[in-house]
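A short write-up of the structure that comes next.
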Amino acid sequence: MSRTRIIVDTITVDVQLLETPTAAAIRAALPFSAQAMTWGEEVYFSTPVSVDRERNARAIVEAGEIAFWPDGDAIAIGFGPTPISQGDEIRLASPCNIFGTALTDVRDLAPIRGGEPITVEALD
């Protein structure tokens, strides 16, 4: 398994990639850059990757799960409720492929605002 790093200004989130088709596609596209977008307590950003929804895709995730949103070709990192969450759940816009696990606290992304530059690069 390999690791990646997501960098936004001085904030970094290290990610352990899972062994999934989505993780392999993300890894193959590294490095890439995008602009942050936010939706409630979620940061998401476009990628040069396009993959189908995997069989175990889901909309409700746990903080620390790194997701790929097939409907928008974007990485989605939820760290708290979104506008469609019920209670304290982290509910993404539609089912997403979970392709990694954060090795650092994704709640560090809370101060990120839309438009900030994001870089995703390989760690190993």
Side-chain angles (χ1 to χ4, degrees):
M1 291 194 291
S2 59
R3 296 178 304 144
T4 63
R5 175 169 285 161
I6 299 168
I7 305 163
V8 188
D9 194 27
T10 61
I11 300 167
T12 61
V13 175
D14 291 347
V15 177
Q16 180 70 54
L17 296 179
L18 303 174
E19 294 191 23
T20 69
T22 299
I26 295 287
R27 175 77 178 174
L30 297 175
F32 59 87
S33 297
Q35 290 190 325
M37 295 174 270
T38 61
W39 190 53
E41 293 184 29
E42 174 191 327
V43 171
Y44 66 102
F45 52 94
S46 25
T47 73
V49 174
S50 183
V51 296
D52 292 331
R53 185 173 290 148
E54 294 175 5
R55 182 179 323 190
N56 60 349
R58 54 193 159 85
I60 298 174
V61 300
E62 298 295 323
E65 292 182 315
I66 309 300
F68 181 83
W69 182 38
D71 295 345
D73 292 340
I75 290 175
I77 306 171
F79 50 89
T82 66
I84 62 170
S85 292
Q86 297 177 14
D88 291 335
E89 72 183 8
I90 302 170
R91 184 182 295 262
L92 305 178
S94 59
C96 293
N97 301 338
I98 307 303
F99 74 92
T101 303
L103 301 173
T104 50
D105 191 351
V106 294
R107 290 173 184 89
D108 291 346
L109 296 171
I112 301 304
R113 297 293 166 243
E116 290 189 58
I118 291 183
T119 301
V120 184
E121 61 188 25
L123 278 180
D124 52 22

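What's counted below: heavy atoms across the whole structure, side chains too, no hydrogens, waters or symmetry copies. Keep in mind the model is a prediction, meaning the values are calculated, not measured.
The structure places CG of Asp124 at 9.0 Å from OG1 of Thr4, a figure rounded to the nearest 0.5 Å. To the nearest 0.5 angstrom, Thr104 atom OG1 is 5.0 Å from Asp14 atom CG. Atom OG1 of Thr12 and atom CD1 of Ile6 lie 10.0 Å apart (nearest 0.5 Å). For the atom pair CG of Asp73 and OG of Ser46, the computed distance is 8.5 Å after rounding to the nearest 0.5 Å. How far CH2 of Trp69 is from CZ of Arg53: 10.5 Å, rounded to the nearest 0.5 Å. For the atom pair OG1 of Thr22 and CD1 of Ile75, the computed distance is 10.0 Å after rounding to the nearest 0.5 Å.
In the hydrophobic clustering of this structure, Val15 groups with Ile112; members are Ile, Leu, Val, Met, Phe, Trp, Tyr whose side-chain heavy atoms approach within less than 4.5 Å, directly or through other members. Leu30 and Ile77 end up in the same hydrophobic cluster when Ile, Leu, Val, Met, Phe, Trp and Tyr side chains are linked at under 4.5 Å. Hydrophobic clustering, with ILVMFWY side chains joined whenever heavy atoms are under 4.5 angstrom apart, groups Ile11 together with Val120. Transitive grouping of hydrophobic side chains (ILVMFWY, heavy atoms separated by less than 4.5 Å) keeps Phe68 and Trp39 in distinct clusters.
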Subject >> Full working for side-chain contact (heavy atoms from CB on, under 4.5 Å) between Phe79 and Asp108 >> reply: CA-CA 9 Å; Phe79 50 89; Asp108 291 346; over 6 Å; no

**OP:** List the steps and the verdict of side-chain contact (heavy atoms from CB on, under 4.5 Å) for Tyr44 and Thr38.
**Re:** CA-CA 6 Å; Tyr44 66 102; Thr38 61; 5.8 Å; no

**OP:** Assess whether side-chain contact (heavy atoms from CB on, under 4.5 Å) is satisfied between Val61 and Ile98, documenting all intermediate values.
**Re:** CA-CA 8 Å; Val61 300; Ile98 307 303; 3.6 Å; yes

**OP:** In sequence, state the C-alpha distance, the side-chain angles, and the governing distance for Val13 and Leu109, and then conclude on side-chain contact (heavy atoms from CB on, under 4.5 Å).
**Re:** CA-CA 8 Å; Val13 175; Leu109 296 171; 4.0 Å; yes

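In terms of heavy atoms, Gly115 sits closest to Gln35 at O-NE2, 3.7 Å. What you find for Pro70 and Pro95 is that their closest heavy atoms are CD-O, 3.7 Å. Residues Ala67 and Cys96 come closest through the heavy atom pair CB-CB, 3.6 Å. Closest approach of Ser33 to Thr119, counting heavy atoms only: OG-OG1, 3.5 Å. Looking at every heavy atom in both residues, Asp71 comes nearest to Ser94 through OD2-OG, 2.6 Å. Of all heavy-atom pairs between Val43 and Ile118, the closest is CG1-CD1, 4.1 Å.
For the pair Pro111/Asp9, no side-chain contact is recorded, criterion being any heavy-atom separation below 4.5 Å from C-beta on. For the pair Ile66/Val106, a side-chain contact is recorded, criterion being any heavy-atom separation below 4.5 Å from C-beta on.
Side-chain N or O atoms of Thr101 include none that pairs as donor or acceptor with a backbone N or O of Gln16 at under 3.5 Å. Side-chain N or O atoms of Asn97 include one that pairs as donor or acceptor with a backbone N or O of Glu54 at under 3.5 Å.
Ring orientation note: the planes of Phe45 and Phe32 are tilted relative to one another, at an angle of 30° to 60°.
Heavy-atom neighbours of Glu121 CD from other residues, nucleotides or ligands within 6.0 Å: above the threshold of 12.
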